[in-house]
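Okay, structure first, notes after.
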Amino acid sequence: MSRFSRKYYQHDAQTLARALLGQVLVRVLADGTRLAGRIIETEAYLGVEDKAAHSFGGRHTPRNAAMWGPAGHAYVYFIYGMHYCVNVVSATPGDPAAVLLRALEPLEGLDTMRRHRAGRIAASRLRDRDLCSGPAKLAQALAIDRALDHADLVMGRELFIERGVQVPPQDIVATPRIGIGYAQEWAQKPLRFVVG
DNA sequence: ATGACGATTTACT
DNA sequence: GTAAATCGTCATA
């Protein structure tokens with residue numbers, strides 16, 4: 001299965017957010033188990049100008065350090081005291097932009113994903129489509145946590161992206177981003193991308 | 001040292 | 001639709 005080169009990730013976040021739709025996020029567990037899902041929802045966080053981005057105003061802290069690093073690495077952060085979210089770092093060093101992965105269509109390892117998710121919810125009530133239907137859900141299903149912050153998606157063995165089927169522009173719906181009402185005028189911008 | 005808050009999910013009325 | 005869960009992070013002091 002083919003992966004993308006570093007160069008693939010070195011575009012602005014909005015371009016990368018669209019390009020990632022249809023590609024396949026792969027997680028390989030320590031025991032070799034492969035978990036995979038087709039990326040179907042993303043959001044672009046543009047950098048120092050973007051009031052919704054963790055890097056807004058040039059904020060450079062231990063938590064968001066990965067956003068400032070090279071493209072093609074993961075930025076994983078902990079939020080609301082209980083959830084992890086996964087980003088793909090875009091652009092280049094010095095331009096702290098990233099793409100939040102918001103939902104996957106589960107492809108491989110559904111049983112294991114269900115087990116990971118069942119810690120908080122009755123397994124029998126979990127439908128396939130609900131395994132990865134949110135940024136924290138997909139992180140939990142794929143067992144992605146702080147340890148994978150900074151993971152290299154180009155060279156790494158635990159977390160990477162494989163080439164899927166590119167979603168044509170006319171099949172992509174752009175909407176405002178979720179959960180960033182505090183970001184004023186940036187809250188309205190159509191930087192969330194969903195496969196239509 | 002302290003306090004306010006969050007790129008969410010889930011359960012419940 | 002509303003609210004609770006739950007704590008690391010960061011700005012302020």
Side-chain angles (χ1 to χ4, degrees), chain A residues 9 12-18 20-21 25 37 39-69 71 73-91 95-106 113-151 153 159 172-195:
Chain A
Y9 299 97
D12 65 276
Q14 190 168 172
T15 299
L16 183 61
R18 288 176 170 277
L20 285 174
L21 293 175
L25 180 68
I39 298 169
I40 56 176
E41 180 182 343
T42 60
E43 282 179 359
Y45 286 84
L46 305 192
V48 300
E49 300 283 308
D50 183 354
K51 288 181 178 173
H54 291 162
S55 53
F56 171 65
R59 285 197 298 272
H60 189 167
T61 67
R63 176 178 71 151
N64 73 4
M67 289 187 82
W68 293 85
H73 289 246
Y75 165 41
V76 180
Y77 66 89
F78 186 62
I79 191 70
Y80 293 118
M82 60 190 98
H83 299 300
Y84 291 97
C85 293
V86 187
N87 294 255
V88 176
V89 176
S90 68
D95 180 10
V99 175
L100 173 68
L101 302 181
R102 289 196 56 91
L104 307 177
E105 173 190 318
M113 289 184 188
R114 180 170 282 99
R115 193 164 354 102
H116 289 158
R117 294 265 296 125
R120 294 170 186 254
I121 211 174
S124 57
R125 291 198 53 153
L126 265 180
R127 298 187 299 185
D128 289 355
R129 47 176 295 191
D130 296 321
L131 290 174
C132 302
S133 58
K137 295 181 193 177
L138 75 87
Q140 188 182 20
L142 300 201
I144 296 169
D145 64 14
R146 191 183 316 280
L148 287 169
D149 189 24
H150 290 95
L153 305 176
L159 185 66
I172 298 175
V173 179
T175 80
R177 292 171 292 181
I178 305 296
I180 55 155
Y182 57 84
Q184 302 171 42
E185 74 272 19
W186 283 86
Q188 327 274 358
K189 297 181 185 289
L191 293 173
R192 171 174 174 254
F193 305 99
V194 188
V195 177

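Sequence lines set the chain letters: A, B, ... in the order given, protein chains first and strands last, and positions in each chain run from 1.
For A:Tyr80 and C:dA5, a side-chain-to-base donor-acceptor distance below 3.5 Å is absent, hydrogens and geometry of angles not being considered.
One distance of note links CG of A:Leu100 with CG of A:Leu138; it measures 8.0 Å at 0.5 Å rounding. Taking CG from A:Leu20 and CD1 from A:Ile39, the interatomic distance works out to 5.0 Å, rounded to the nearest 0.5 Å. Residue A:Arg117 holds its CZ atom at 5.0 Å from CD of A:Gln140, rounded to the nearest 0.5 Å.
Atom CG in A:Leu101 sits roughly 15 Å away from atom C1' in B:dT8 (whole-Å rounding). A straight line from CD1 of A:Ile178 to P of B:dT8 spans 8 Å, rounded to a whole angstrom. The distance from atom OH of A:Tyr84 to atom P of C:dT6 is 15 Å, rounded to the nearest whole Å. Rounded to a whole Å, the CE atom of A:Met67 is 10 Å from the C1' atom of B:dA7. In this structure, A:His116 atom NE2 and B:dT9 atom P are separated by 17 Å, rounded to whole Å. Rounded to whole angstrom, the span from the CZ atom of A:Arg59 across to the P atom of C:dT12 amounts to 10 Å. In this structure, the CD atom of A:Glu41 is 16 Å from the P atom of B:dA7, given to the nearest Å. Going from atom CG of A:Leu100 over to atom C1' of B:dG6 covers 13 Å, rounded to whole Å.
Under the Watson-Crick or G-U wobble criterion, with both distances below 3.5 Å, B:dA7 has no partner in any strand shown. Pair assignment for C:dT6: none, as no Watson-Crick or G-U wobble contacts are both less than 3.5 Å.
Of the candidate nucleotides C:dT6, B:dT9, B:dA7, B:dT9 has the atom nearest to the side chain of A:Pro135. For A:His83, whose side chain is taken as the heavy atoms from C-beta onward, the closest listed nucleotide among C:dA5, B:dT10, B:dT8 is B:dT8. Here the side chain of A:Arg117 is nearest to one of C:dT6, B:dT10, B:dA7, namely B:dT10. The side chain of A:Pro62 lies closest to C:dC10, out of C:dC10, B:dT8, C:dT6.
Within the 4.0 angstrom heavy-atom criterion, only backbone atoms of the sugar-phosphate kind lie near A:Arg146; the bases stay farther away. Among the atoms of the strands shown, base atoms are found under 4.0 Å from some heavy atom of A:Ala52. Residue A:Ile180 is classed as a sugar-phosphate contact, given heavy-atom separations below 4.0 Å to backbone atoms only. Nucleic acid contact class of A:Phe78 (heavy atoms, under 4.0 Å, all strands): sugar-phosphate only.
In this model, the phosphate group of B:dT8 is approached by a side-chain N or O of A:Arg102 to a distance below 4.0 Å at OP1 or OP2. Dashed line: the shortest gap from a side-chain N or O of A:Arg63 to OP1 or OP2 of C:dC7 is not under 4.0 Å. Distances shorter than 4.0 Å separate some side-chain N or O of A:Tyr182 from OP1 or OP2 on B:dA7.
Summary of the strand contacts: A:Gly179 and A:Asp130 both lie near DNA chain B, and taking for each the nucleotide with the nearest heavy atom, the more 5' one is attributed to A:Gly179.
Judged by distance alone, with hydrogens and angles left aside, the side-chain atoms of A:Ser90 form no donor-acceptor pair with the main-chain N or O of A:Leu16 at under 3.5 Å.
Each of A:Asn87, A:Ile40, A:Thr42, A:Leu142 was evaluated against A:Leu101; a single residue qualifies, A:Thr42, per the side-chain contact (heavy atoms from CB on, under 4.5 Å) test.
Taking the six-membered ring for Trp and thresholds of 30 and 60 degrees, A:Tyr77 and A:Tyr75 have ring planes inclined between 30 and 60 degrees apart.
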